[in-house]
Undergrad: 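Below you will find the structure I want to go over with you.
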Amino acid sequence: ERRRHRSPYRRDEDRRKSEEGDSIPVSSEKEFSRVAPGATGVDPNHPARAHFTIVDREAGIIAPADGVWRKKIAICGFAASSRMLAPFDDPTWYVAILNQLNRHVPRADLHWDIHKNFASENVEGTDHPGYLRECGMPVFMTETQPDLPTSVRYPLERVMERVVGCDYFTSTVAFMVAWAIMMIDE
């Protein structure tokens with residue numbers, strides 16, 4: 001059964017005045033730079049959130065802080081028609097997001113930003129690099145970033161060897177799916 005997700009963690013919205021004087025709904029206690037108008041934004045204290053230990057940043061190896069891997073992963077994309085259908089409140093699932101999706105969803109455990117230009121070409125008025133610096137979850141990237149403490153190099157060679165057999169990734173979601181498949185066997 002498909003139904004629209006309604007998180008009990010959604011905060012009351014307050015109003016923020018735009019430059020034109022129009023009201024734009026923004027989640028209370030959060031800034032526009034971190035939350036899309038009318039959205040909740042990732043709650044770092046969400047009760048279902050998983051926590052990870054970064055074992056080896058360069059090799060792309062992470063481990064659940066509690067030592068137990070969850071068996072399910074929801075790979076979330078930007079489609080407004082379905083992004084809120086992910087099991088955000090279910091602690092048996094990992095929730096994986098990409099790029100600036102953190103501004104739209106209430107929970108994330110893993111983050112992917114494979115673009116080399118992750119620090120530029122973002123939504124105007126947002127601080128995506130600042131979010132990545134402070135998010136406290138593994139951020140899979142093409143290479144680790146010294147100023148992003150939880151950045152992890154995407155384990156491309158391992159994924160190619162164990163899952164794909166070649167370097168044929170056409171989107172960030174393809175990187176996410178291949179990683180999830182690899183983790184089934186590890």
Side-chain angles (χ1 to χ4, degrees), residues 7 9-11 13-14 16-19 24-46 48-65 73-80 83-84 86 88 94-157 159 169-180:
S7 173
Y9 306 101
R10 187 177 190 100
R11 293 186 169 91
E13 294 177 346
D14 60 3
R16 179 176 176 269
K17 295 291 181 182
S18 72
E19 292 176 22
I24 300 174
V26 177
S27 176
S28 60
E29 301 177 28
K30 296 189 181 179
E31 303 172 16
F32 172 77
S33 66
R34 302 291 170 93
V35 180
T40 59
V42 168
D43 178 357
N45 300 311
H46 194 288
R49 183 170 177 189
H51 297 275
F52 290 90
T53 300
I54 297 173
V55 177
D56 186 330
R57 290 178 70 191
E58 292 301 325
I61 300 171
I62 63 171
I73 183 168
I75 297 172
C76 300
F78 273 91
R83 68 178 169 229
M84 294 308 290
F88 296 112
Y94 291 126
V95 176
I97 65 169
L98 66 158
N99 307 333
Q100 286 192 281
L101 188 58
N102 58 285
R103 299 178 65 243
H104 298 275
V105 297
R107 172 182 153 218
D109 306 309
L110 301 160
H111 194 114
W112 269 257
D113 203 322
I114 298 297
H115 302 98
K116 289 193 181 270
N117 63 346
F118 73 91
S120 62
E121 299 183 27
N122 293 300
V123 174
E124 187 176 337
T126 66
D127 182 12
H128 186 54
Y131 169 78
L132 295 176
R133 203 172 13 265
E134 299 169 8
C135 70
M137 70 183 85
V139 179
F140 287 94
M141 308 183 90
T142 56
E143 55 189 35
T144 59
Q145 301 295 317
D147 60 331
L148 302 179
T150 60
S151 65
V152 176
R153 184 180 166 275
Y154 183 83
L156 182 61
E157 298 79 11
V159 169
F169 296 97
T170 58
S171 69
T172 302
V173 172
F175 283 96
M176 297 166 81
V177 169
W179 182 86

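All values below come from the heavy atoms of this structure, side chains included, with hydrogens, waters and symmetry mates left out. We number each residue from 1, following the sequence as shown.
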Undergrad: What's the verdict on side chain to side chain contact (heavy atoms under 4.5 Å, CB included) for Val139 and Phe118, showing C-alpha distance, side-chain angles and the deciding distance?
TA: CA-CA 11 Å; Val139 179; Phe118 73 91; over 6 Å; no
Undergrad: Within the side chain of Asn99, is there an N or O that forms a donor-acceptor pair under 3.5 Å with the backbone of Leu101?
TA: no
Undergrad: Rounded to the nearest 0.5 Å, what's the gap from CD1 on Ile75 to OG1 on Thr172? Could you check?
TA: 11.5 Å
Undergrad: In sequence, state the C-alpha distance, the side-chain angles, and the governing distance for Leu156 and Phe169, and then conclude on side chain to side chain contact (heavy atoms under 4.5 Å, CB included).
TA: CA-CA 10 Å; Leu156 182 61; Phe169 296 97; 3.4 Å; yes
Undergrad: Look only at the side chain of Gln145 and the backbone of Ser151, and say whether a donor-acceptor pair between them is shorter than 3.5 Å.
TA: no
Undergrad: Nearest 0.5 Å, what's the CD1-NE2 distance between Ile62 and His51?
TA: 13.0 Å
Undergrad: A side-chain contact here means heavy atoms from C-beta on lying under 4.5 Å apart; do Pro106 and Met84 qualify?
TA: yes
Undergrad: Check Ala178 against Val159 and note the closest heavy-atom contact, atom names and distance.
TA: CB-CG1, 3.4 Å
Undergrad: Taking C-beta and beyond as the side chain, do Pro129 and Asn122 meet within less than 4.5 Å on heavy atoms?
TA: yes
Undergrad: How long is the span from the CD atom in Glu143 to the NZ atom in Lys116, to the nearest 0.5 Å?
TA: 4.5 Å
Undergrad: Do you know the tightest heavy-atom contact between Met137 and Thr150?
TA: O-OG1, 2.7 Å
Undergrad: Evaluate the criterion side chain to side chain contact (heavy atoms under 4.5 Å, CB included) for residue pair Arg103 and His128; output intermediate values, then yes/no.
TA: CA-CA 9 Å; Arg103 299 178 65 243; His128 186 54; over 6 Å; no
Undergrad: How many angstroms lie between CE in Met176 and NE2 in His111, if you round to the nearest 0.5 Å?
TA: 8.5 Å
Undergrad: With no hydrogens and no angle check, is any side-chain donor or acceptor of Asn102 less than 3.5 Å from a backbone partner on Val42?
TA: no
Undergrad: In sequence, state the C-alpha distance, the side-chain angles, and the governing distance for Val105 and Val95, and then conclude on side chain to side chain contact (heavy atoms under 4.5 Å, CB included).
TA: CA-CA 10 Å; Val105 297; Val95 176; 5.7 Å; no
Undergrad: Measuring only between side-chain heavy atoms, which start at C-beta, is Leu132 closer than 4.5 Å to Asp113?
TA: yes
Undergrad: Tell me the closest heavy-atom pair linking Ala48 and Phe88, and the distance in Å.
TA: CB-O, 3.7 Å
Undergrad: I'd like to know whether the aromatic ring centres of Trp112 and Phe175 sit less than 6.0 Å apart in this structure.
TA: no
Undergrad: Quick one: sort the Phe78 and His104 rings into parallel, tilted or perpendicular, breaks at 30° and 60°.
TA: perpendicular
Undergrad: Work out which heavy atom in Ile97 is nearest to a heavy atom in Ala108; give both atom names and the distance.
TA: CD1-CB, 3.5 Å
Undergrad: Is Pro138 close to Leu110 at the side-chain level, that is, under 4.5 Å between some pair of heavy atoms?
TA: yes
Undergrad: Hey, are the side chains of Tyr131 and Thr126 touching, using non-hydrogen atoms and a 4.5 Å cut-off?
TA: no
Undergrad: Working to the nearest 0.5 Å, report the span between CZ of Arg133 and CG of Asp147.
TA: 5.5 Å
Undergrad: Give, for atom CZ of Arg49 and atom CZ of Arg107, the distance between the pair rounded to the nearest 0.5 Å.
TA: 9.0 Å
Undergrad: Show the nearest heavy-atom pair for residues Ala96 and Ile73, with the distance to one decimal.
TA: CB-CD1, 4.0 Å
Undergrad: Taking all atoms of both residues into account, what is the closest heavy-atom pair of Cys76 and Ala86, and its distance?
TA: SG-CB, 3.5 Å
